[in-house]
*Asks:* 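Have a look at this one.
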Amino acid sequence: MTAAETADRFDPRAIQSKWQQRWAAMDIFSADDDPADPRPRTYLLDMFPYPSGDLHMGHAEAYALGDAMARYYFLRGHNVLHPIGWDAFGLPAENAAIRNNTHPADWTYANIEVQAASFRQYGVSFDWSRRLQTCDPDYYKWTQWLFLRFYERGLAYRADGYVNWCPVDQTVLANEQVIAGKCERCGSEVVRRVLTQWYFKITEYADRLLADMAALEGKWPDRVLLMQRNWIGRSEGAEVAFQIEARDDPVTVFTTRPDTLYGATFFVVAADSPLAAELCAPEQQSALSDYVAEVRKLTDIERQSADREKTGVFLGRHAVNPVNGERIPIWAADYVLPDYGTGAIMAVPAHDQRDLDFARVFGLPVRVVLDTDSPDPAVTGVATPGAGTLVNSGPLDGLSKQAAIARIIEILAERGLGRGAVNYRLRDWLLSRQRFWGAPIPIVYCDGCGEVPVPDDQLPVVLPDLRGQELAPKGASPLAAATDWVATECPKCGGPAKRDTDTMDTFVDSSWYFLRYCSPSFEHGPFEVEAVRRWSPVNLYVGGVEHAILHLLYSRFFVKVLHDMRMVDFTEPFTALVNQGQVINHGKAMSKSLGNGVNLGEQLAAHGVDAIRLTMIFASPPEDDIDWADMNPDALVKFLGRVARVAADVAAAPAARAGAADPAAGDPDLRKVTHRTIDEVTRLVEATRLNVAVARLMELVSAARRTIDSGPGGGDPAVREAAEALAVMLSLFAPYTAEECWEILGHEPSVAQAGWPTADPALVVQDTVVCVVQVDGKLRDRLEVPASVGADELRALALASAPAERALAGRGVRTVIVRAPRLVNIVSS
RNA sequence: GGGGCCGUAGCCCAACGGCAGGAGGCACAGGAUUUAGGUUCCUGGCAGUGUGGGUUCGAAUCCCACCGGCCCCA
């Protein structure tokens, strides 16, 4: 390519297939597992995709970002692990299989191949040799193995749990599939139903999941840490035992406000809890069961909504307030959830809004026990949850809220009626799914031996070959219909046994995949301990904020368990985290129903890979959303043309060959810009401020253009220096154009192996700077001063400034603020 | 209802508490090149930082309130 040939608009698409082929033949981005490799190791991880079809705009942004960071570390000479795989189990494959009368694997693997091809076209620097798919038996074998280790440690257990059940579709629905209490698919009313389910005991790790976040501070986005803290939801308070009339055992409640115990005027149990049924007096049983039938139609979110009119049923029984012996009525209501705390609460209507709303509906007493200087809640209907001074509370009277909490816990503890306690919002992780396309739970049930884990040497428990209508929901997991598969023999006694017919939540698969990448074909365990020790934890994890809570929390949980098993020597999997924003269109998330989707393939075809990647990077800070309607990829096509033209002008100049001329002989102004740009871009990339880094590259291109056009021409060694630095730095974002430029400049491919340019400190420092002279904070003069100027000298220079003197207008000088060498502020008296 | 984030030219975005010659780009206008309203190169205008207080020698930046938008929990 010569300057003449690029006279027309540069077309970055023209060089793509040439470089795709040449890169495919070169092994550039493989991580070196040799323990003796002396290079620093960097593990750069992109969240792996779900193969729902081809890559979309969101992928384009996320992988452009991760790839820029990976390529940076490659160029810095690190031994980089930048793997790719697929989160390949999940419901969409199952639905597609039912629709098309095929096997979910057909759809899954076909989509994976489409995405893999798109990744290669997109020029992402993956180590393809480590590719994995969570639906491969030699992957889910180890998911099952890990389940069994959790089981052995008592961290996996079976219990009854509530699920959203659609009576028409005969299936369990995820919370997201329940819209306003109705089934998303058929519109029928969803009910809550009890099923026996497997759980991981993540609550046992709640305190560690919370405490270890201190190490992530500043390296993970603040809002993600905040979301995780809120999700874990630690609250301090007390457990208080209430005697129940005509019952031997007391019922314990958790409260964050034990100070208001004297204000408890009634007691509420979750209507649909076993406790409600047990406590209910015989004459109220039918009222309760009618009520429970209504409650089961509601989702948790509706039940806890503050706007809903409170409902409930009196159970015909009373509890006894342990501090004052008062008889308080026991009610069943839906605003208390059966699986939160103990499923029962003490109600203090004066100081809790939901309790007050309930009390006002049913005419229950409201007793103020905390003077907060606010109007009486019984009159206003507004509870007073704030701080104040205790009243009507016996020994607590006169104490502050904080002091009363401490005192009442002492009193309760002395009398054996309660104790200080911590409660977490976090629930155990329900991992059973009544689905086919997931990892089977490796447990069998034997009439004689009960629940028996599948021995390690019988793993994997491979999915049976079901397809099409066999996967349609029929009231139980599709696996239950595979009777030949279900029937097995008990590993313990050899007698007849049945397999568990549920599969694991796909979040289990994704909670350890980053460990598998370190030794993807290891056959003696989920990962080779030494390989993980070398590569982990992940240095930088890039992915969407939609995983801010569950995936990241589950992965952190897994690593902590593995740490306790002594299989890893760290406790946090991801040292640093970057959440890229969403790509939206006209202010809204892209969706089929809005019809505002933008097709990535069409964008790539229209503008080329480099321009799309660069648009994604340049649009905004990585964590901000990109509104595609505001973007103009052609602007970046133009920029790529400017870069290519600089390279072409260098190559067209007869004198200069690669490595032939000393840059020191070139234009000194351009050299300063080049080295300052290298310095700045380096720091910007390390801070993932990539949009600003691109702006700096644009400035460097303009500076090179100025030098070329103003006389020295493309033959000036400083122009070559600039063009070479540009090609390398640009390769983070626009690998095709960068590679082409590198070749034009006379170098062997690949630019990915060229090494990151080094800034010459002598060229980065400025010898003179402009010093601003202010009078009372207003700009009055500028002085060109040596960068090394002393404070006293600068003060004298500023005071001698004529414009400053004029601005002072004869007033005296009270003080002078000197910030050498940039600023002097003269404050008048 | 609780918690958090964000408001800078027509648009996307920069600015260790210190010059808004706005870093960069889009769009727009003008000029040069050109057969060309296309390409390339050059030049230019456009905001005073959502509003009102406060802290400070100095505030887009820190604090408070309000307005508007977004996110998480409920």
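Here the structure is a predicted model, which means the values were calculated and not measured. Chain A is the first sequence line, chain B the second, and so forth, proteins listed ahead of strands; every chain is numbered from 1.
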*Asks:* Base, sugar-phosphate or nothing for A:L697? Non-hydrogen atoms, less than 4.0 Å.
*Replies:*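 Since no nucleic acid heavy atom lies under 4.0 Å of A:L697, the category is nothing.
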*Asks:* Tell me whether the OP1 or OP2 atom of B:A74 has a side-chain N or O from A:R354 closer than 4.0 Å.
*Replies:*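 So the side chain of A:R354 is outside the cut-off, no N or O lying under 4.0 Å from OP1 or OP2 of B:A74.
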*Asks:* A:D222 CG to B:C6 P: how many Å, rounded?
*Replies:* 10 Å
*Asks:* Is A:T815 touching bases, backbone alone, or none of the nucleic acid, heavy atoms closer than 4.0 Å?
*Replies:* nothing
*Asks:* Between A:L823 and A:E699, who's closer to the 5' end of RNA chain B by nearest nucleotide?
*Replies:* A:L823
*Asks:* Given that both distances must come in under 3.5 Å, which nucleotide forms a Watson-Crick or G-U wobble pair with B:C66?
*Replies:* B:G50
*Asks:* Closer than 4.0 Å, any side-chain N/O of A:N632 to the OP1 or OP2 of B:A27?
*Replies:* yes
*Asks:* Can you check the A:I708 CD1 to B:U40 C1' distance for me, whole Å?
*Replies:* 13 Å
*Asks:* Please report the distance separating the P of B:C12 from the corresponding atom of B:A27, rounded so that it comes out in whole Å.
*Replies:* 15 Å
*Asks:* Between A:R229 and B:C72, is there a side-chain N or O to OP1/OP2 distance below 4.0 Å?
*Replies:* no
*Asks:* Charged N to carboxylate O under 4.0 angstrom, A:R705 versus A:D649?
*Replies:* yes
*Asks:* Could you tell me whether A:L226 contacts a base, only the sugar-phosphate backbone, or nothing, with contacts defined as non-hydrogen atoms closer than 4.0 Å?
*Replies:* sugar-phosphate
*Asks:* Under 4.0 Å, counting only non-hydrogen atoms across every strand here, what does A:R822 touch: a base, just sugar-phosphate, or nothing?
*Replies:*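 Result for A:R822 = nothing.
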*Asks:* Do the side-chain N or O atoms of A:N691 get closer than 4.0 angstrom to the phosphate oxygens (OP1, OP2) of B:A14?
*Replies:*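 Yes, within the criterion.
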*Asks:* Hey, which of these two, A:M698 or A:V827, hits RNA chain B nearer its 5' end, going by closest nucleotide?
*Replies:* A:M698
*Asks:* Which nucleotide, if any, forms a Watson-Crick or G-U wobble pair with B:G44, using both distances under 3.5 Å?
*Replies:*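 By the stated definition (distances under 3.5 Å), B:C28 pairs with B:G44.
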*Asks:* A:F618 near the nucleic acid: base, sugar-phosphate alone, or nothing, with a heavy-atom cut-off under 4.0 Å?
*Replies:*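 Base, at least one base atom sits under 4.0 Å.
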*Asks:* Grab the OH-P distance between A:Y424 and B:C73 for me, whole Å please.
*Replies:*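 Result: 20 Å.
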*Asks:* If you count heavy atoms of other groups shown closer than 6.0 angstrom to CD of A:Q353, is the number above 12?
*Replies:*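 Check passes, neighbour count above 12.
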*Asks:* Would you measure the distance from the P atom in B:A14 across to the matching atom in B:C6 and give it in whole Å?
*Replies:* 12 Å
*Asks:* Students often get this wrong, so: under 4.0 angstrom with heavy atoms, is A:K778 touching a base, only sugar-phosphate, or nothing?
*Replies:*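 Nothing: the residue A:K778, judged by heavy atoms under 4.0 Å, touches no strand.
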*Asks:* More than 12 non-hydrogen atoms from neighbouring residues, nucleotides or ligands closer than 6.0 Å to CZ on A:R229, yes or no?
*Replies:* yes
*Asks:* Can you check whether A:D355's main-chain N or O pairs, donor with acceptor, with A:D352's side chain at less than 3.5 Å?
*Replies:* yes
*Asks:* Taking N and O atoms by type only, does the side chain of A:Q774 place a donor or acceptor under 3.5 Å from a partner on the base of B:G18?
*Replies:* yes
